[in-house]
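Please read the structure below before turning to the comments.
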Amino acid sequence: MCGIVGYVGKQKAASILLEGLKRLEYRGYDSAGVATWQSGGFQIAKKVGRVDSLMRQTEAAKLGGTSGIGHTRWATHGGVTDTNSHPHLSSDGKIVLIHNGVIENYAAIKKFLLTKNFRFQSETDTEVLGNLIAYHYAKEPTAPDANRFLEAVRKTLRHVEGTYGIAVMCADQPDEIVAARKGSPLILGVGDGENMLASDVSAIISRTQSVVYLKDGEIVLLSAAGFSITTLESDDVTAVIDKVTWEVADAELGDYTHFMEKEIFEQPAALENTMRGRFSEDGSTSNFGGLNTPASDFREIDRIHFLACGSAWHACLVAEHLIERYARVPVEVDYASEFRYRNAPLGRHTLFFTVSQSGETIDTLAGLREAKRKGYKVLAINNVVGSTIAREADGGVYQHVGPEIGVASTKAFTSQLLLGAMLALHIGRMRDMSFADGTAFVQALKQTPDLVRETLKLAPQLKDIAKRYAHHQDFLFLGRLSLFPVALEGALKLKEISYIHAEGYPAAEMKHGPIALVSEDCPSVIFAPPGEMFNKVVSSMQEIKARKGKIIAIVTKSCQLPEGLADEIVCLPDCHEAVLPILATVPVQLLSYYMAVALGRDVDKPRNLAKSVTVE
Ligand code: AGP
């Protein structure tokens, strides 16, 4: 959840590191720091707060030297203090390092190092790692063909339990960086006379589009002239250089105030990218080139099991509804963090899907590995190309929505909803869905981007509602069937960026407890879609009204609510049932966005959160 960056080259490292850190800040923003090598010593600048305050309050930007490392922190071990900020220097001054992850056996290592007279400034697990490297470095014999520094890091990592993405520098070899990963993402940026490291491509894309995705257990020695990758067992690794497909501009704000706002309004184009080239020539179904799963397998499976976290988990709940409805295959949806430990009894012909925007969420990755260990095929729906989940899955679908920088997921979520619907179609057409139904389904899905454009025109109305409701401290979000997960997503969005307490429920569940929260101070956002559930949802609204609860109703054009029942009515375009969850998501995204703005929240970097959760 931290962001790490490294540079070795001919340019001034500090400015390149700071620019990289600014682009990684969505990964964690408790503190930031850089270290460079200049005039015979390490120069370290670190501070609680954002990269901007690091640049304002320290000499960070003035640090000289053409090699260095930088870090932006999401605190795990030790409070948010300057001393606990990275980089950390070993007590003998030889080793400086940054780390993304959790060292689980750090206490035992610290106890050992204290007996070897190593001293500690901070409360972090990371400083323990630095001192252990210094310990091995001091003990490491000087061998003509071996790199003492590299071997000291390798030896250290063999004793470490937990997860890490690290970058380390040594006072005796300041023009080199050693980096390694286990569980945390790490990318090599290959340049001309310079080489870089980063937790993700956004930090280095302004300098190169040639990258190497490091795998777990790999360790790299980096210099301006080149790099070499080996394993912890000292085996050589042949590097595969990939080309990044998106540009710096994709990660720029442009005319928007926040990335979340930009990404909400990018959804029509993002959905077009998600579905591009993925419908069959005969127009009756969807096709996915990378699933590596023949039709016969889809016919054999007797259950689909989704694993995900957060918003992605909500998207899986909608996919569950659509696949069971249109493909008649039983679906199970698990929080990946629970699945990896609950040891569920699983059927023989179960197909697993892991859904993750970042492709680095550690619980989802562990869920994937657990299912594969049990011999199941695991496919992935991911947005970040080259992510760990994408590389470890047996096949998958990339979302192609471009970089999602705002911590609150928006365009990635609606793209996952679209892919869930396309999957229901894909499997349905392999089973009992007719050519005609498939064709109608395809036509409906193809209208989605335009229908979202239509829905985004509701922004001014939602901005007005948000301003008038932002003072409330509690909200209920209510929906039925495929809109219940969208109610959960609406509640999550409001919680994570405005810090207002909100709960999502199936509307009928209200009577079994949540209705106790209903009062003039606890408004309800309720989806009232056309069709079989409309009258039932109207009854739920009347129960709320009877208790003086305010109602923000989200309906479609063809719905007619009883006069005066709702305080606010947000009217979506009419659409196919499979498209409705996507359209219904847009107003709850905008409502939470405008409420957070009205409350002066830091929308893109909400407190206590980070974009990609790489620690357990
Ligand atoms: C959503 O707005 C949050 N950022 C969070 O719940 C997120 O969906 C979750 O951490 C899963 O992330 P992933 O899709 O990258 O795996």
Side-chain angles (χ1 to χ4, degrees), residues 1 3 25-29 74 183-185 199-200 202 258-261 263-264 267 270 274 306-319 333-340 353-369 378 380-390 392-393 396-399 401-417 419-420 477 485-486 488-499 502 504 585 588-593 596 601-616:
M1 273 159 85
E25 214 166 20
Y26 67 97
R27 301 180 60 85
Y29 26 88
W74 191 89
S184 300
S199 298
D200 71 49
S202 60
H258 297 102
F259 280 105
M260 183 181 179
E261 181 194 20
E263 288 149 10
I264 290 174
Q267 290 181 111
T274 297
F306 283 98
L307 305 176
C309 302
S311 289
W313 183 76
H314 296 151
C316 296
L317 293 175
V318 175
V333 179
D334 248 313
Y335 277 120
S337 52
E338 293 297 298
F339 173 79
R340 59 184 297 195
F353 274 90
T354 51
V355 180
S356 171
Q357 186 285 129
S358 62
E360 301 294 351
T361 300
I362 201 151
D363 287 317
T364 309
L365 177 58
L368 175 151
R369 290 174 175 165
V378 184
I381 293 178
N382 270 154
N383 187 42
V384 176
V385 174
S387 68
T388 310
I389 288 177
E392 295 196 13
V397 183
Y398 278 130
Q399 299 182 234
V401 302
E404 188 176 69
I405 310 284
V407 167
S409 185
T410 53
K411 62 179 181 177
F413 176 70
T414 49
S415 157
Q416 287 161 2
L417 293 180
L419 286 170
F477 285 74
V486 182
L488 289 173
E489 178 63 8
L492 176 64
K493 290 277 102 56
L494 192 61
K495 276 183 276 207
E496 67 179 323
I497 61 168
S498 74
Y499 317 149
T585 299
V588 293
Q589 291 171 338
L590 288 167
L591 207 57
S592 55
Y593 172 69
R601 307 294 191 223
D602 188 336
V603 170
D604 284 339
K605 298 188 180 75
R607 70 185 183 200
N608 305 341
L609 289 178
K611 183 67 184 170
S612 163
V613 181
T614 55
V615 292
E616 214 185 320

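Residue indices begin at 1 and follow the sequence shown. Read the numbers this way: they start at 1 and go in the same order the structure lists the ligands and their atoms.
When only modelled atom types and interatomic distance are considered, S409 and S311 share no side-chain donor-acceptor pair under 3.5 Å. A side-chain donor-acceptor contact under 3.5 Å links E360 and T388.
Formation of a donor-acceptor pair under 3.5 Å by the K495 side chain with backbone atoms of A502 is found in this model.
Atoms of ligand 1 lying under 4.0 Å from any heavy atom of K493, numbered from 1 in the order shown and given with element: 1 (C), 2 (O). Taking every heavy atom of S409 and a limit of under 4.0 angstrom, the matching atoms of ligand 1 come to 1 (C), 2 (O). Close approach to S356 involves these atoms of ligand 1, each under 4.0 Å from a residue heavy atom: 13 (P), 14 (O), 15 (O), 16 (O).
Of the listed residues (E263, Q267, Q399), just one forms a side chain to side chain donor-acceptor pair (under 3.5 Å) with T414, and that residue is Q267.
Under a 4.0 Å N-O distance rule, the pair E404/K411 does not qualify as a salt bridge.
Between V407 and ligand 1, at least one pair of N/O atoms sits closer than 3.5 Å. In terms of polar-atom proximity, S358 is counted as a contact of ligand 1, with an N or O under 3.5 Å from an N or O of the ligand. Residue contacts with ligand 1: T361 is placed with a nitrogen or oxygen under 3.5 Å of a nitrogen or oxygen of the ligand (distance criterion only).
Under the ring pair (Phe, Tyr, Trp, His ring centres under 6.0 Å) criterion, Y593 pairs with H258, not counting sequence neighbours.
Heavy-atom minimum distance, Y29 versus K605: OH-C, 3.1 Å. Considering all non-hydrogen atoms of both residues, A610 and G28 come closest at CB-N, 4.3 Å.
In terms of protein heavy atoms, atom 2 (O) of ligand 1 is closest to E496 OE2, 2.6 Å. Summary of contacts: the protein heavy atom closest to atom 7 (C) of ligand 1 is S311 N, 4.1 Å. Among protein heavy atoms, atom 10 (O) of ligand 1 sits closest to V613 CG2, 3.9 Å. Of all protein heavy atoms, the one closest to atom 6 (O) of ligand 1 is G310 CA, 3.3 Å. For atom 9 (C) of ligand 1, the closest heavy atom belonging to the protein is C309 O, 3.8 Å.
Distances shorter than 4.0 angstrom occur between a heavy atom of A408 and an atom of ligand 1.
The closest heavy-atom contact to atom 14 (O) of ligand 1, among the options K611, E489, Q357, comes from Q357.
Contacts between E360 and ligand 1, counted as non-hydrogen atom pairs separated by less than 4.0 Å, are absent for every part of the residue.
Taking the six-membered ring where the residue is Trp, F413 and H314 present perpendicular rings, their angle passing 60° and hence far from 30°.
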